[in-house]
Amino acid sequence: MRNRIKTGVALVLTAIMLFPIYWMINVSFTRDTDMRADPPHLFPWNGTLEGYRAVLDQQMPYLGTSLVVGLGTVVLTLLIAAPAGFALAKLRPRGGGALNFVLLIAQMIPGIIMAMGFYAIYLRAGVLNTVPGLILADSTIAVPFGVLIFTAFMSGIPDELINAALIDGASKWRTFVSVILPVSRNAVVTVSLFAFLWAWSDFVFATTLDGGGDHQPITLGIYHYIGNNNQQWNAIMATAVVASIPATLLLILAQRYVAAGVTAGAVKD
């Protein structure tokens, strides 16, 4: 009986948490004339695909830009975070502990403060309203997290594995590329996933650093539907549904790698 009560409570709480997602899908099929119905329709009986037509007609360039920014952020994050994590975990440079502390502090800085700093720098450098500038800004959120994950994961790799590669004549860089990275797959997937999701869902950097650019991400594409006198809610929700699909698929496919990557280093032998 106790287990049934716990299961029932869990189901209710899950339904409450998932209801906003259902409502987003429901509104994406709702006609404008039914949007302010009282009481609201819990199911789009007279549904429409106008919102999804708007996505196909107007939002594909924004989705393409978000994909480029997301993948670019992943690549730049891995290029910086993976070698840095290896150095902190295995080469143990002087000041490594202080650097780890700085990385923790960096993750506590509000995004809007960083965005304003980037705005002043980008304005002088001439990279405001550019995709590379947005990739660089998004990477500043992902790199500290990535370094900490790689450091924790690579600390658990046996030193004997590295010593064997060095004895065979491999350089430290060759050891990192050919030995460490292949066995750090879980960490690579974890960092890549979070970096992509942060870049994909970013709004603060996008609106501050790329608000007037020719190539804007999907978060700004959704924002363009919202005005003082016009809110195209079915188009907004349809765009949100479509934009959620890549993130959902990535989370489903990578969940087991993420679980292993995030918990790496939590337990020491």
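All values below come from the heavy atoms of this structure, side chains included, with hydrogens, waters and symmetry mates left out.
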For the [atom1] atom of [X] and the [atom2] atom of [Y], what is their distance to the nearest 0.5 Å?
| X | Y | atom1 | atom2 | answer |
| --- | --- | --- | --- | --- |
| Leu91 | Met154 | CG | CE | 10.5 Å |
| Leu67 | Met60 | CG | CE | 10.0 Å |
| Ile112 | Phe203 | CD1 | CZ | 10.0 Å |

Can you name the closest pair of heavy atoms from [X] and [Y] and give their distance?
| X | Y | value |
| --- | --- | --- |
| Ala195 | Thr77 | CB-OG1, 4.0 Å |
| Ala247 | Leu197 | CB-CD2, 3.5 Å |
| Ala187 | Ile149 | CB-CG2, 4.2 Å |
| Leu181 | Val177 | CB-O, 3.8 Å |
| Pro144 | Ser139 | CD-O, 4.4 Å |
| Ala84 | Val147 | CB-CG2, 3.9 Å |

Identify whether [X] and [Y] are in the same connected component of the hydrophobic contact network (ILVMFWY, side-chain heavy atoms under 4.5 Å).
| X | Y | answer |
| --- | --- | --- |
| Leu104 | Met114 | yes |
| Ile167 | Leu161 | no |
| Trp198 | Leu249 | no |
| Tyr22 | Leu251 | yes |
| Ile236 | Leu56 | yes |

Could you go through the side chain to side chain contact (heavy atoms under 4.5 Å, CB included) check for Met237 and Thr30 one step at a time?
-> CA-CA 10 Å; Met237 294 304 176; Thr30 302; over 6 Å; no
Mind checking whether [X] and [Y] have side chains closer than 4.5 Å, heavy atoms only?
| X | Y | value |
| --- | --- | --- |
| Asp138 | Val69 | yes |
| Leu18 | Ile21 | yes |
| Gln216 | Thr65 | no |
| Gln59 | Val242 | no |
| Asp202 | Pro217 | no |

Mind checking whether Phe205 and Phe118 have parallel, tilted or perpendicular rings, split at 30° and 60°?
-> perpendicular
Do Thr239 side-chain atoms and Ala235 backbone N/O form a donor-acceptor pair below 3.5 Å?
->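 Yes, Thr239 side chain to Ala235 backbone: donor-acceptor pair under 3.5 Å.
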Short question: side chain of Trp200, backbone of Ile218 - any donor-acceptor pair under 3.5 Å?
-> no
Taking only residues two or more places apart in sequence or in another chain, which ones pass salt bridge (Lys or Arg N to Asp or Glu O under 4.0 Å) with [X]?
| X | result |
| --- | --- |
| Arg31 | Asp34 |
| Asp159 | Lys90 |
| Arg53 | Glu50 |

Side chain to side chain donor-acceptor pair (under 3.5 Å): which pairs involve residues 173-185, sequence neighbours left out?
->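 Output for this query lists Arg174-Ser178.
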Mind running side chain to side chain contact (heavy atoms under 4.5 Å, CB included) on Asn26 and Leu42 for me, showing each step along the way?
-> CA-CA 7 Å; Asn26 177 40; Leu42 294 178; 5.6 Å; no
Audit row: Asn234, Ser28, side chain to side chain contact (heavy atoms under 4.5 Å, CB included) steps and yes/no = CA-CA 4 Å; Asn234 59 351; Ser28 71; 5.7 Å; no
So which pairs with a foot in residues 58-81 pass salt bridge (Lys or Arg N to Asp or Glu O under 4.0 Å), sequence neighbours left out?
->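 As it turns out, there is no salt bridge (Lys or Arg N to Asp or Glu O under 4.0 Å) pair with a partner in residues 58-81 once direct neighbours are skipped.
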Please name all residues satisfying side-chain hydrogen bond (donor to acceptor under 3.5 Å, both in side chains) with Gln107, sequence neighbours left out, ordered by chain then number.
-> none
Under the side-chain hydrogen bond (donor to acceptor under 3.5 Å, both in side chains) test, residues paired with Ser192 that sit two or more places apart |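 By the side-chain hydrogen bond (donor to acceptor under 3.5 Å, both in side chains) rule, Ser192 matches no residue at all.
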Listing request: all ring pair (Phe, Tyr, Trp, His ring centres under 6.0 Å) pairs with a residue in [range], at least two apart in sequence or in separate chains.
| range | result |
| --- | --- |
| residues 51-70 | Phe29-Tyr52, Tyr62-His224 |
| residues 234-255 | none |
| residues 72-98 | Phe86-Phe176 |

Can you tell me if CG on Asp214 sees more than 12 non-hydrogen neighbours from other groups inside 6.0 Å?
->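 Count not over threshold, so no.
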Only counting residues at least two apart or in another chain, list the ones meeting ring pair (Phe, Tyr, Trp, His ring centres under 6.0 Å) with Tyr119.
-> none
Residue that, paired with Leu76, satisfies side chain to side chain contact (heavy atoms under 4.5 Å, CB included) out of Thr73, Val74, Ile80, Leu78 | Ile80
For a quick test of your reading: what N or O donor-acceptor pairs under 3.5 Å do the side chains of residues 121-137 make, sequence neighbours left out?
residue: Tyr122; atom: OH; partner: Gly133; partner atom: O; Å: 2.6
residue: Asn129; atom: OD1; partner: Gly212; partner atom: N; Å: 3.1
residue: Thr130; atom: OG1; partner: Val127; partner atom: O; Å: 2.6
residue: Thr130; atom: OG1; partner: Gly133; partner atom: N; Å: 3.3

Working for side chain to side chain contact (heavy atoms under 4.5 Å, CB included), residues Asn100 and Leu88 | CA-CA 8 Å; Asn100 277 326; Leu88 290 173; 3.6 Å; yes
